[in-house]
Amino acid sequence: IMMIFDLLTIKKKSKNMKFGEISEDVKAVLDEVVGQTNLENFMNIYYYAVSKQKTVIKVTKLNPIAEAVAKKPDTVVITVAEEIFERLSPKQQKMLAEDAINQILYDDEKDKITIESPAITMTLDGWRKYGAELANAYETSLLTVQQLEEEKKEAKAAAAEAKKSKRNQ
């Protein structure tokens with residue numbers, strides 16, 4: 001808990017520190033992408049540089065205890081491996097930032113923030129071998145899963161309706 005509290009109060013980045021203040025260039029990219037959404041109206045969003053992170057951008061939501069300790073309700077933290085991010089082209093930076101921000105979902109009916117896991121994950125070897133064809137296969141499989149779930153819901157609703165009409169006869 002203290003680490004998360006410290007995370008929200010860090011002001012300077014040092015070589016020995018795991019978390020630090022994000023550079024103005026990276027902040028500008030993230031601000032542009034977040035600004036295209038209305039997420040800031042529903043949550044606190046903080047950016048931090050992380051030196052030892054395996055992913056370029058990571059989105060996390062603080063747990064309720066950390067939010068209470070930090071006195072920051074509804075908080076999402078976006079951490080960036082700046083050393084990697086800054087070596088990418090501006091277009092690549094924006095694409096990765098948009099993809100990361102797309103993981104943040106806000107349900108205004110339930111007043112709930114959810115961080116969604118990526119729907120498609122593939123290996124680098126698979127991408128090298130099949131390229132976009134592999135991504136398309138994953139997308140088709142996801143659509144098929146959704147279609148099957150919808151068919152099951154419809155069948156269940158039809159069965160319930162048939163049972164109800166049978167009872168009413």
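Numbers for residues simply follow the sequence, beginning at 1.
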From CD (Gln146) to CD (Glu149), nearest 0.5 Å:
7.0 Å
When you compare the side chain of Ser51 with that of Glu83, does any pair of heavy atoms fall below 4.5 Å?
no
Residue pair Gln93 / Glu86: nearest heavy atoms and the distance that separates them:
NE2-CA, 3.7 Å
Side chain Asn38, main chain Asn41, donor-acceptor under 3.5 Å
no
Could you tell me if the side chain of Ile113 sits less than 4.5 Å from the side chain of Leu105, heavy atoms only?
no
Starting at OG1 of Thr75, measure out to CE of Met43 and round the result to the nearest 0.5 Å.
10.0 Å
Check this for me: Glu133, atom CD, are more than 12 non-hydrogen atoms of other residues, nucleotides or ligands nearer than 6.0 Å?
no
Closest non-hydrogen atom pair between Thr55 and Ala81, with its separation
O-CB, 3.8 Å
Contact check, side chains of Val34 and Ile101, non-hydrogen atoms, under 4.5 Å
yes
Nearest-0.5 Å distance, CG of residue Leu134 to CD of residue Glu139
12.0 Å
Could you see if Val145 belongs to whatever hydrophobic cluster contains Met122? Use Ile, Leu, Val, Met, Phe, Trp, Tyr and a side-chain cutoff under 4.5 Å.
no
Closest heavy-atom pair and its distance - Gln53, Thr79
OE1-OG1, 2.6 Å
Decide yes or no for Val69 and Lys71: does some side-chain heavy atom of the first lie under 4.5 Å from some side-chain heavy atom of the second?
no
Report the C-alpha separation of Glu150 and Glu154 in whole Å, then their side-chain angles, then the decisive distance to 0.1 Å, and conclude whether the side-chain contact (heavy atoms from CB on, under 4.5 Å) test is met.
CA-CA 6 Å; Glu150 189 63 34; Glu154 289 173 3; 3.6 Å; yes
To the nearest 0.5 Å, atom CG of Leu124 lies from atom NZ of Lys129 at 14.0 Å
Closest heavy-atom pair, Gly126 versus Thr123, reported as atoms and distance to 0.1 Å, is N-OG1, 2.9 Å
Would you say Leu30 and Ile22 make side-chain contact, with heavy atoms under 4.5 Å?
yes
What distance do Ser23 atom OG and Tyr47 atom OH have between them, rounded to the nearest 0.5 Å?
12.0 Å
Can we say Lys27 and Glu21 salt-bridge, meaning some charged N sits less than 4.0 Å from an Asp/Glu carboxylate O?
no
Member of Asp111, Thr114, Asp74 meeting the side-chain hydrogen bond (donor to acceptor under 3.5 Å, both in side chains) criterion with Tyr106:
Asp111
Rounded to the nearest 0.5 angstrom, the OG1-CD distance for Thr140 and Gln147 is 11.0 Å
After noting the C-alpha distance and the side-chain angles of Ile78 and Lys58, does the key distance pass the side-chain contact (heavy atoms from CB on, under 4.5 Å) rule?
CA-CA 6 Å; Ile78 299 171; Lys58 185 176 182 181; over 6 Å; no
Could you check Phe85 against Val29 for side-chain contact (heavy atoms from CB on, under 4.5 Å), going step by step and ending with a plain yes or no?
CA-CA 10 Å; Phe85 192 81; Val29 173; 3.9 Å; yes
Can you hop from Leu39 to Ile115 via hydrophobic side chains spaced under 4.5 Å?
yes
Answer whether the closest heavy-atom distance between the side chains of Trp127 and Asp125 falls below 4.5 Å.
no
Within the supplied structure, the quantity of interest is the number of heavy atoms (other residues, nucleotides, ligands) at a distance under 6.0 Å from Lys61 NZ; does it exceed 12?
yes
So, the side chain of Glu116 versus the backbone of Ile104: is there a donor-acceptor pair under 3.5 Å, distance only?
no
Please test Val80 against Tyr48 for side-chain contact (heavy atoms from CB on, under 4.5 Å), starting from the C-alpha separation and ending with a verdict.
CA-CA 6 Å; Val80 179; Tyr48 290 96; over 6 Å; no
Between Tyr46 and Lys72, is there a side-chain heavy-atom distance shorter than 4.5 Å?
yes
Smallest separation among heavy atoms of Asn44 and Pro73, with atom names
ND2-O, 2.7 Å
Hydrophobic cluster membership, Met95 vs Ile84, 4.5 Å side-chain cutoff
no
Does some side-chain heavy atom of Val76 sit less than 4.5 Å from a side-chain heavy atom of Val59?
yes
